[in-house]
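Have a look at the structure below before the remarks.
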Amino acid sequence: MSVQNNRKPDFSIHDQFINRWSPRAFLDKEISEELLYSTLEAARWAPSSMNSQPWRFIIARTKEDRERFHSFILDGNRTWCEQAPVLILLISEKAAGAHTFDTGTAFGFLTLQALENGLATHPMGGFDKEKAREVLGIPNEYELHAVVALGYQGDKTTLTPTLQDREAPSPRRPLKESIFEGTFSIE
Ligand SMILES: Cc1cc2nc3c(=O)[nH]c(=O)nc-3n(C[C@H](O)[C@H](O)[C@H](O)COP(=O)(O)O)c2cc1C
């Protein structure tokens, strides 16, 4: 994975922020226990409100566990994410005040450590949350956020023609459009 032309930062930053993107093609290759747990370890060190660490990670890497995940992932995602050797569902304890913010941060850490470990990630909100709750036995005290496909990046020719066209790092709007100095205003 290398820095792409349409991903030129406006200001100098670490390459990892540019090199991380969400491909859909994964190699049919297992991830070692060491690399999987290293990836999750990074998420452990995310900051959280009052250090509540509200995140939980449900991992699926055996054929049986992955097929259980596939049963609640929407077709548009399932077609490509079946290739991924690991799927991780991120959930959080609702009782913790900033649980959604904190779990998003944990995902950010996880995804950058995955890149450092030579792995690709693709988060998905396109899954049936109620079905997932039922199938995995997740109580109402927890909110379901995203399923993350994790694995070695594969060749895009393994994807359908439509997905092959989309298999590229995306650009971003200019930084200045996200920043407001002093007060907020809508242009
Ligand atoms: C919470 C969340 C939900 C997402 N859901 C999906 C999804 O269901 N299917 C999909 O293909 N990509 C999904 N994505 C990936 C985004 O489309 C992607 O991160 C975004 O377009 C930026 O591209 P990049 O990650 O390659 O930089 C999701 C990303 C996030 C953070």
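Ligands are counted one by one from 1 in listed order, and the atoms in each one are counted from 1 as well.
Between the side chains of Ser178 and Arg173, a donor-acceptor pair is found at a separation under 3.5 Å. A donor-acceptor contact under 3.5 angstrom links the side chains of Asn117 and Ser38, judged on distance only.
A salt bridge links Arg133 to Glu130: at least one charged side-chain nitrogen sits closer than 4.0 Å to a carboxylate oxygen.
Residues meeting the side chain to side chain donor-acceptor pair (under 3.5 Å) test with Asp10, sequence neighbours left out: none.
If you look at Trp80 and His122, their ring centroids are closer than 6.0 Å.
Remark: Tyr142 OH to Leu90 CG distance equals 14.0 Å, nearest 0.5 Å.
Within 4.0 Å of ligand 1, counting heavy atoms only, the contacting residues are Arg7, Arg20, Trp21, Ser22, Arg24, Asn77, Trp80, His122, Pro123, Met124, Gly125, Gly126, Ser170, Arg172.
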